[in-house]
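What follows is a single structure, written as structure tokens, with notes after it.
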Amino acid sequence: MKSPVRKHKGPKPRPANDNSNLRDRMHAARIGWRETLLGAIGWGAAMALSAQASLWLSNAAITSHYWSLTALFFAGATLAWPLSLSAFRFIAFGRGREPAFAAAVLCLILFTIGMTAVLFAIIYRNFYAQWHGDPFTKLWLIQLAFTSASALYQFAVVGLRLYMPLGVALLFATALLLARGITVKNR
């Protein structure tokens, strides 16, 4: 006795070389100039405010580098915003609110800390460049590598705590707003 063949119910399977989802993700990752500019200024101001709050809470802002640190954290977050927003939209495309929230948190953390650390390393390296060897020699490359590595280490030890009191709350609030916005656009 033969059993009847059941028809597959659901979406048709796609061929292995179908890249329409990738194209859709790439299209969703594009951002406009208005949301880039306004978001970058807002995110930069939020991270600068976080650095200022941390400096005030830790040592009553008694440092000669108060405004330099504020500018560094503003610039790092401002430059990180377009990258993190595009990466977030690419990752969160077609997902629910919870995965979109997790993607927003991940992208904002990675790009903001990464960009600020790179800017700090550039400033750190420029200060110590006066004692380095001639450019593009073997000694210079070694000095560049170790100076950059020590700058990144110093930022990880000293700089990350400037995000702590207020930055975490602002991070979660921003990620929640981004996750809400992406789920509204996907409907």
(Q) Determine whether a donor-acceptor pair (N or O, by modelled atom type, separation under 3.5 Å) exists between the side chain of Arg30 and the backbone of Met26. (A) no

**Q.** Transitive ILVMFWY side-chain link Ile142 to Leu144, under 4.5 Å
**A.** no

Q) Considering all heavy atoms of both residues, which atom of Ser150 and which atom of Tyr124 are nearest to each other, and what is their separation? A) OG-CE2, 3.6 Å

Q) Under the side chain to side chain contact (heavy atoms under 4.5 Å, CB included) criterion, do Thr78 and Met115 qualify, and how do the steps go? A) CA-CA 9 Å; Thr78 300; Met115 191 61 72; over 6 Å; no

Q: Supply the atom-to-atom distance Thr147 OG1 to Gln154 CD, rounded to the nearest 0.5 angstrom.
A: 11.5 Å

Q: Flag the pair Val158 / Phe120 as yes when at least one side-chain heavy-atom distance between them is below 4.5 Å, and no otherwise.
A: no

Q | Distance-minimising heavy-atom pair for Ala77 and Thr116 | A | N-OG1, 4.0 Å

**Q.** Single-linkage hydrophobic cluster Leu166~Ile41, side-chain heavy atoms < 4.5 angstrom
**A.** no

Q) Nearest heavy-atom pair of Trp140 and His132: which atoms, and what distance? A) CD1-CB, 4.2 Å

Q: Examine Leu49 and Leu176 and state if one hydrophobic cluster contains both, with Ile, Leu, Val, Met, Phe, Trp and Tyr joined whenever side-chain heavy atoms are less than 4.5 Å apart.
A: yes

Q: Given side chain to side chain contact (heavy atoms under 4.5 Å, CB included), test Phe73 with Leu119 step by step and report yes or no.
A: CA-CA 9 Å; Phe73 277 73; Leu119 287 177; over 6 Å; no

Review item, side-chain donor-acceptor pairs of residues 60-69, under 3.5 Å, at least two apart:
| unit_1 | atom_1 | unit_2 | atom_2 | d |
| --- | --- | --- | --- | --- |
| Thr63 | OG1 | His65 | N | 3.3 |
| Tyr66 | OH | Trp56 | NE1 | 3.0 |

Q.
Restricting to non-hydrogen atoms, name the atom on Phe88 and the atom on Leu178 that form the minimum distance, rounded to 0.1 Å.
A. CZ-O, 3.5 Å

Q | Heavy-atom closest pair, residues Arg125 and Ala129 | A | NH1-CB, 2.5 Å

Q: Nearest 0.5 Å please: distance from the OG1 atom of Thr174 over to the CG atom of Leu85.
A: 11.0 Å

(Q) Nearest 0.5 Å, please: how far is CZ in Phe90 from CG in Leu22? (A) 5.5 Å

(Q) For the backbone of Ser50 and the side chain of Ser54, can you confirm whether one donor and one acceptor N or O come within less than 3.5 Å of each other? (A) no

Q: On the 0 to 90° scale, with breaks at 30° and 60°, tag the Phe127-Trp131 ring pair as parallel, tilted or perpendicular.
A: perpendicular

**Q.** Whether Phe155 and Tyr163 hold their rings parallel, tilted or perpendicular, with breakpoints at 30° and 60°
**A.** perpendicular

Q) Side-chain heavy atoms under 4.5 angstrom apart, residues restricted to Ile, Leu, Val, Met, Phe, Trp, Tyr: same cluster for Phe74 and Leu171? A) no

(Q) Which heavy atom of Ala179 sits nearest to which heavy atom of Arg97, and what is that distance? (A) CB-O, 3.8 Å

(Q) Starting from Leu177, can I reach Val168 by hopping between I/L/V/M/F/W/Y residues whose side chains sit under 4.5 Å apart? (A) no

Q.
If we ignore hydrogens and angles and just use 3.5 Å, is the side chain of Gln52 paired with the main-chain N or O of Thr70 as donor and acceptor?
A. no

Would you mind writing out the side-chain donor-acceptor pairs for residues 101-113 within the sub-3.5 Å range, not counting sequence neighbours?
| unit_1 | atom_1 | unit_2 | atom_2 | d |
| --- | --- | --- | --- | --- |
| Thr112 | OG1 | Trp43 | NE1 | 2.9 |
| Thr112 | OG1 | Leu108 | O | 2.7 |

Q) Transitive ILVMFWY cluster of Leu38 at side-chain heavy atoms under 4.5 Å: who else is in it? A) none

